[in-house]
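Only one structure is covered here, and it is reproduced in the block below.
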Amino acid sequence: MKNIDLTEVLAAARGEVPADIVLKGGCIFNSFTGEWEIGDVAIVGETIAGIGSYSGKKEIDVTGKYVTPGFMDSHLHIESTMVAPRELAKILLLNGVTTIFADPHEIANVLGTAGIELMLTETEAIPLDVFFMLPSCVPATEMETSGTVLTAAKLEPLVSHPRVLGLGEMMNYPGTINAAAAVLDKLALAGCSLCDGHAPGVSGKALNAYLAAGISSDHEATTADEAMEKLRRGAYLMLREASGAHNLLALLPAVTPLNCRRCCLATDDRHLDELVSEGSINYLIEIGTAHGYPVEQLLQMATLNTAERFRLYDRGALAPGYKADICVFNNLVNFQPQLVLKNGVVIVNKQKLLWQSPTLLKATENTMHLEDVREQQLRLSVMNGRKARVIRIVPEQI
């Protein structure tokens with residue numbers, strides 16, 4: 001923050017000059033204490049100057065409405081939404097999501113580091129903060145045919161980018177647990193002090209080894225017992241509700257008043273139709289509250305907890321000096337925001353998006369090179385009466 005900006009913020013905080021924008025008379029959520037306060041939110045530029053009684057150059061009456069920080073998605077893949085980043089930004093903003101943490105391993109599987117750089121370019125200078133975790137497993141397995149192999153050396157030049165926060169989900173948990181050299185090289189990347197986990201069913205001493213490698217979160221728990229063990233061993237628990245994996249209600253019983261500040265919400269792989277018809281992080285909050293879980297805990301999980309997990313101490317709360325990312329709701333049942341501010345600018349008003357942008361800045365073409373597939377190639381070559389090996393689908397899971 002520039003000195004002149006800080007001077008203006010402090011003058012408004014003291015109540016000596018009008019703030020740029022004041023949200024008047026709302027029921028304000030306190031992310032730190034879980035309380036609700038009636039008052040005003042004073043904003044100068046991108047920053048919250050104060051909570052209390054204020055006047056502003058522009059005043060917006062939110063009396064009787066609920067005011068929260070903008071929501072954050074702790075783990076997702078933009079590619080899984082099936083839309084370009086700027087088009088996704090429009091959908092997320094309409095749902096009150098103002099910050100996301102993405103792992104671009106799907107586009108990296110096709111384009112390598114050029115795909116990551118494309119994602120960084122496409123998410124520059126938009127009213128949605130998009131941070132990235134560098135893909136740790138490209139390809140995901142040796143059985144996969146990918147466009148490249150991302151080694152630590154190839155990832156290293158991207159580490160210094162201001163929106164790259166660390167290493168993405170370490171899917172190679174056997175390699176981590178057994179100290180595979182290539183995995184340790186990635187974990188040792190300079191600046192990658194944060195590493196997300198991906199350890200389905202890993203328990204006991206194997207879990208100890210996995211987390212001892214420096215991995216500090218997991219979004220793959222499917223039972224409350226598994227969630228509790230990971231919380232006890234120090235991992236942030238990301239409760240996932242995706243399109244193919246519905247884990248939220250199975251994991252919420254593990255969340256208690258004593259451990260809830262180590263829990264975050266994530267959509268992981270959520271498809272476009274569900275994002276549009278149901279929502280994003282706001283939909284997860286709706287599910288939780290509809291099943292009787294405290295809205296205050298869910299709101300902390302969607303805001304401050306996620307900010308602190310990623311060491312972004314300028315957001316996640318409505319408090320002096322914090323970024324003015326704000327949602328306003330009519331009630332605590334339907335979490336479709338009526339008003340959304342991003343960096344102190346009204347970006348959604350009466351559920352209408354005020355930001356316009358081309359869907360794409362740069363098209364990516366000619367990345368697929370595949371011969372025509374014939375029907376005969378898809379037939380199983382088995383003898384009559386013989387059994388074929390198939391992959392079983394577990395309901396509500398990947």
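Quick note: residue numbers are just sequence positions, from 1.
Between the CG atom of D73 and the CG atom of L265 there is a distance of 8.5 Å, given to the nearest 0.5 Å. For the atom pair CD1 (I107) and CD (E79), the distance works out to 6.0 Å, reported to the nearest 0.5 Å. Separation of atoms OG (S243) and CD (E278) is listed at 8.0 Å; rounding is to 0.5 Å. Separation of atoms CG (N305) and CG (L298) is listed at 10.5 Å; rounding is to 0.5 Å. Taking CZ of R86 as the start and OG1 of T359 as the end, the distance is 9.5 Å to the nearest 0.5 Å. Of the inter-residue distances, the one linking I60 atom CD1 with L341 atom CG reads 6.0 Å to the nearest 0.5 angstrom.
Side-chain contact between T113 and T148 is absent, with no heavy-atom pair separated by less than 4.5 Å. Side chains of S280 and I91 form no contact here, defined as non-hydrogen atoms less than 4.5 Å apart. Counting heavy atoms from C-beta on, the side chains of T176 and L187 come closer than 4.5 Å. Side chains of I116 and L155 form a contact here, defined as non-hydrogen atoms less than 4.5 Å apart. At least one side-chain heavy atom of L318 sits less than 4.5 Å from a side-chain heavy atom of I48. Contact check for W36 versus L332: side-chain heavy atoms found under the 4.5 Å cut-off. Residues L284 and L239 have side chains not in contact (no heavy-atom distance under 4.5 Å, counting atoms from C-beta outward). With a 4.5 Å cut-off on side-chain heavy atoms, M119 and E122 do not count as touching.
Under 3.5 Å, the side chains of D61 and T63 contain a donor-acceptor pair of N or O atoms. In summary, the side chains of E117 and H161 do not present any donor paired with an acceptor at a separation below 3.5 Å, with no hydrogens or angles considered. A donor-acceptor contact closer than 3.5 angstrom links the side chains of R163 and T123. Of the N and O atoms on the side chains of D196 and S217, at least one donor lies less than 3.5 Å from an acceptor on the other residue.
In this structure a side-chain-to-backbone donor-acceptor pair under 3.5 Å is missing from K57 to P18. Although no hydrogens or angles enter the test, the distance criterion places no donor-acceptor pair under 3.5 Å between the side chain of E274 and the main chain of H271.
With ring centers used as reference points, F329 lies 6.0 Å or more from Y66. For an aromatic pair to be called close, the ring centres must be under 6.0 Å apart, and F101 with F310 satisfies this.
The stretch residues 229-252 participates, sequence neighbours left out, in these salt bridge (Lys or Arg N to Asp or Glu O under 4.0 Å) pairs: D218-K230, E220-R240, E226-K230, R240-D268.
Using a 4.5 Å cut-off between side-chain heavy atoms of Ile, Leu, Val, Met, Phe, Trp and Tyr, with links allowed through other members, V348 and F71 fall into the same hydrophobic cluster. Hydrophobic cluster membership differs between V346 and V340, with clusters built from Ile, Leu, Val, Met, Phe, Trp and Tyr side chains linked at under 4.5 angstrom.
The only option from N334, N95, T68 that meets the side chain to side chain contact (heavy atoms under 4.5 Å, CB included) definition with N282 turns out to be N95. The side chain to side chain contact (heavy atoms under 4.5 Å, CB included) test with I51 is passed by exactly one of D40, L23, V41: V41. Under the side chain to side chain donor-acceptor pair (under 3.5 Å) rule, R315 has a single partner from D129, D325, T306, T303, which is D129.
Across every non-hydrogen atom of V202 and A206, the tightest pair is CG1-C, 3.7 Å. Here the closest heavy-atom approach between residue C327 and residue G70 is recorded as SG-CA, 3.9 Å. Contact between A221 and L237 at its shortest, heavy atoms only, is CB-CD1, 4.1 Å. Contact between L251 and A224 at its shortest, heavy atoms only, is CD2-N, 4.2 Å. Taking both residues in full, the closest heavy atoms of Y54 and A12 are given as CE2-O, 3.1 Å, listed atom of the first, atom of the second, then distance. Taking both residues in full, the closest heavy atoms of A179 and L184 are given as O-CD1, 3.8 Å, listed atom of the first, atom of the second, then distance.
Summarising the local packing, CD of Q376 is surrounded by 12 or fewer heavy atoms from other residues, nucleotides or ligands at distances under 6.0 Å. Within 6.0 Å of CG on L378 lie more than 12 heavy atoms contributed by other residues, nucleotides or ligands.
Taking the six-membered ring for Trp and thresholds of 30 and 60 degrees, Y173 and Y210 have ring planes more than 60 degrees apart, a perpendicular arrangement.
A cation-pi contact links R262 to Y236, judged by a cut-off of 6.0 Å to the six-membered ring centre and 45° from its axis.
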Item to complete: Would you sort out whether I43 and D20 count as a side chain to side chain contact (heavy atoms under 4.5 Å, CB included), showing the intermediate values?
Response: CA-CA 6 Å; I43 301 164; D20 292 337; 5.6 Å; no
